[in-house]
Amino acid sequence: MLQRVVLPVDRDLDVLKLYVDGQIERGAAKVEAEAAPGRAEEGVRPDSASRRTVVVPVGRRVSFATYFNAFPAGYWRRWTNVEETVLRIRIRGHATVIVYRSSAKGHVHRVASSAVDSDTAEDRSFSLPLKPFVDGGWYWFDVVAGERAVVLERAEWCAGVEQVQRQGTASIGITTFNRPAFCVAQLVALGEAPEVLDVIDEIFVVDQGTDRIADHPDFAVAEAGLGGRLRVVDQGNLGGSGGFARAMDETVRAGRSDYVLLLDDDVVTESEGILRAVAFADHAKTPTIVGGHMFNLFVRSQLHAFGETIERYRWWWGPAAHTWPEHDFADGEGTLRRTPWLHRRVDSDYNGWWMCLIPIETIGKIGLSMPMFIKWDDAEYGVRAQAAGFPTVSLPGVAAWHVPWQDKDDGIDWQAYFHWRNRLVTALLHSPYERGGNLLKESFIISVKHALAMQYSTAELMITALRDVLAGPEHMHAGMVTKLQEIRRVRAGFADARAGERIEEFPDVRRGRPPKRGRNPGVPKGRSKVVRTALVSAVRHLGPVGEEALRNPQAAVAHIDQHWGMLSKFDSALVSSADGTKVTWYQRDPRRFRSIMKRSGLLHARLTREWGALAVRYRAAAEELSSPEAWRKTFDAAGSAGE
């Protein structure tokens, strides 16, 4: 079995459009309640039977041209040995089943149909070749009810027995830091999916926080539901890379699993996707990393990340070509059938470790994660694996719900150090361009923007990152235990790093002079205006700050408006955070500005000169940095989170 047709857990209406396209909920509840005496008061329970059974009322049509239930034929055609899929369904009532396929361009073709007229369940099967799907495309089916209601008891997409390569198993690795409620809920959900547990050997939860999952009131229930598979690893905080490296290492050392599935602690996973990821990896032509897509945890029908690639010349991550972030399947025009770009196969460079299945063969050849603490560890691993012959496939129908990026400030808070240090290190390890292409130019420009925006703590962390990169690869494991404390000490001395929860905690907003012509500063548009704004603002930032601006902020700037071109025109401003919970008072400081610009310029110039030699050093050290032996020393140094 490659993929089963399922419904959402608890019949969640927010995500129903990801599973079925058509009105089934009222009819399903009515018919199933009548078929199961004594359950009418309870409604439809989220058990395995109700997740697979769909009732189509008289005269209605239900389509499975949906994200979770259509079959992504283009991906199976490109990356696996499967040459034909068989759609098997069990159905009763008066119905017509119609099978469709799409091309990579999104054009739809009807390929088969079958009539059913029976009050007892009948089986139907359709053999469907994968040959036409070299560039993409999907299979799906519709069910049309006639004069009697139709019950689709189950449906699945299968491969012939002769096509089965192996039946692999996986261990799950979850890294958690002070999110016990989220993590325990995820464990409970896994325990309620017995068919998923059949392919799971162990579940390693690497607990690096002080708020322990074992202390959560539901932990005992979660543990019992997992049938002895759960193992909690107590580890000092080594970030995501340290937690996932530990899960990889524990899986390899246990010697039981074919794969390790990495999951964030703050995601909600569609458990069916775990079965699909394992099945896809089992049939892959070569050992393949299988990743899950990311949906928005707050707008659950919204697809946030479909495929991730690295733009080599800039050395920056982003959505793969021909994809569009924040696509909403609940929008009437956003269904799979009406969205042509979803039919084209997307090839990824890496997959985020919110949900990512990694073959043990891959770990055996390229090692564990790089010691990056957080940020870029998943991207670097995907690029490294790709170079070693292990592709990454972000597979439709495998997904988790996660907090979207737009509600985070990780580009300017304490995480800015890791963003820049790890981006530079990853480019030193893998960039095909001399001196990293445009990376160093972009790095310097961004440090200038932060300084002009009065985000001095962020600019200072970028300088710290540059220094560490220039120190060589030895600093990476050496700083895994201590670097976060150092970053916090650095930030403590900056006003833009100290936030309050209410605007009332700060002085009232006042301006000594009204804005010119009554217009508040705006964002410069066009290359000439951007350059002029940067030059004028840089000169202005060298001058003294008026006493009034030090006593009272000159403006209150919403997070959505905080652009360096606007902030650079104030001497002080209150700026809100991305998640709307905090406010920070930015204050212009000529001394800090001069210091940051001088040191940033010198360090970028030095990195430009030494890039070639540093790249040789980092690449020579890569195998040791990612080795289990080096990591085990770091695990020992981290000790216990409780300590």
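Along the sequence shown, the residues carry numbers beginning at 1. Worth knowing before you read on, the calculation uses all heavy atoms, side chains too, and leaves out hydrogens, waters and symmetry mates.
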> Show the nearest heavy-atom pair for residues Asp410 and His419, with the distance to one decimal.
O-CD2, 3.0 Å

> Can you give me the closest heavy-atom contact between Leu130 and Ala73, atom names plus distance?
CD2-CB, 3.9 Å

> According to side-chain hydrogen bond (donor to acceptor under 3.5 Å, both in side chains), does anything in residues 196-206 pair up with another residue at least two apart or in another chain? List the pairs.
Thr169-Asp201, Asp201-Ser257

> Heavy-atom count check: over 12 atoms from other residues, nucleotides or ligands less than 6.0 Å from Arg619 CZ?
yes

> Does any donor atom in the side chain of Ser348 or Thr392 lie under 3.5 Å from an acceptor atom in the other side chain?
no

> When you measure from the side chain of Ser626 to the backbone of Ala622, do you find a donor-acceptor pair of N or O atoms at a distance under 3.5 Å?
yes

> Charged N to carboxylate O under 4.0 angstrom, Glu380 versus Arg423?
no

> Applying salt bridge (charged side-chain N to carboxylate O under 4.0 Å, His left out), name anything that partners Asp218, two or more places apart in sequence or on another chain.
none

> Taking Tyr381 as the fixed residue, which of Phe244, Trp353, Tyr350 is the one that meets the ring-ring contact (aromatic ring centres under 6.0 Å, His included) rule?
Trp353

> Using the test ring pair (Phe, Tyr, Trp, His ring centres under 6.0 Å), find all partners of Tyr417 that sit at least two apart in sequence or belong to another chain.
none

> Using a strict cut-off of less than 4.0 Å between a Lys/Arg side-chain nitrogen and an Asp/Glu carboxylate oxygen, indicate whether Glu250 and Arg246 qualify as a salt bridge.
yes

> Measure across Tyr75 and Pro396 and return the closest heavy-atom pair with its distance rounded to 0.1 Å.
CE1-CG, 3.5 Å

> Could I get the full list of side chain to side chain donor-acceptor pair (under 3.5 Å) partners for Thr482, not counting sequence neighbours?
none

> For Arg212, which residues count as a salt bridge (charged side-chain N to carboxylate O under 4.0 Å, His left out) partner, sequence neighbours excluded?
Asp207, Asp234

> When you measure from the centre of the six-membered ring of Trp401, is the NZ or CZ of Arg300 under 6.0 Å away and within 45° of the axis?
yes

> Which residue pairs pass the side-chain hydrogen bond (donor to acceptor under 3.5 Å, both in side chains) test when at least one of the two sits in residues 315-324, sequence neighbours left out?
His322-Arg344

> List for me each residue that meets side chain to side chain donor-acceptor pair (under 3.5 Å) alongside Arg256, sequence neighbours excluded, and say none if there are none.
none

> Would you please name every residue forming a salt bridge (charged side-chain N to carboxylate O under 4.0 Å, His left out) with Arg77, sequence neighbours left out?
none

> Which residues pass the ring pair (Phe, Tyr, Trp, His ring centres under 6.0 Å) test with His604, not counting sequence neighbours?
Phe444

> Restricting to ring pair (Phe, Tyr, Trp, His ring centres under 6.0 Å), what partner residues turn up for Phe635, sequence neighbours left out?
Trp631

> Answer yes or no: is there a donor N or O on one side and an acceptor on the other, between the side chain of Tyr618 and the main chain of Val469, under 3.5 Å?
yes

> Under the 3.5 angstrom rule, does the side chain of Trp354 hit a backbone N or O of Gly292 as a donor-acceptor pair?
yes

> Is there a side-chain contact between Leu424 and Leu607 (heavy atoms, below 4.5 Å)?
yes

> Does His475 reach the main-chain N or O of Asp468 with its side chain, forming a donor-acceptor pair under 3.5 Å?
yes

> Determine whether the aromatic ring centres of residues Phe295 and Tyr67 are separated by less than 6.0 angstrom.
yes

> Can you sort out the partners of Phe133 under ring pair (Phe, Tyr, Trp, His ring centres under 6.0 Å), two or more places apart, ordered by chain and number?
Tyr139

> I'd like to know if Asp347 pairs up with Arg345 as an ion pair, taking the criterion as any Lys NZ or Arg NE/NH1/NH2 lying under 4.0 Å from an Asp or Glu carboxylate oxygen.
yes

> If you compare all heavy atoms of His304 against all heavy atoms of Asn296, which two are closest, and at what distance to 0.1 Å?
CB-N, 4.3 Å

> Under 6.0 Å between the ring centres of Tyr433 and Tyr313?
yes

> Between His477 and Thr634, do the side chains contain a donor N or O and an acceptor N or O under 3.5 Å apart?
yes

> So, the side chain of Asn351 versus the backbone of Val393: is there a donor-acceptor pair under 3.5 Å, distance only?
no

> Is Ser171 close to Arg229 at the side-chain level, that is, under 4.5 Å between some pair of heavy atoms?
no

> Once side chain to side chain contact (heavy atoms under 4.5 Å, CB included) is applied, do any residues pair with Gln3, and if so which ones, sequence neighbours excluded?
Phe71, Pro72, Trp157, Arg276

> With no hydrogens and no angle check, just 3.5 Å: does a side-chain donor-acceptor pair link Glu326 and Gln302?
no

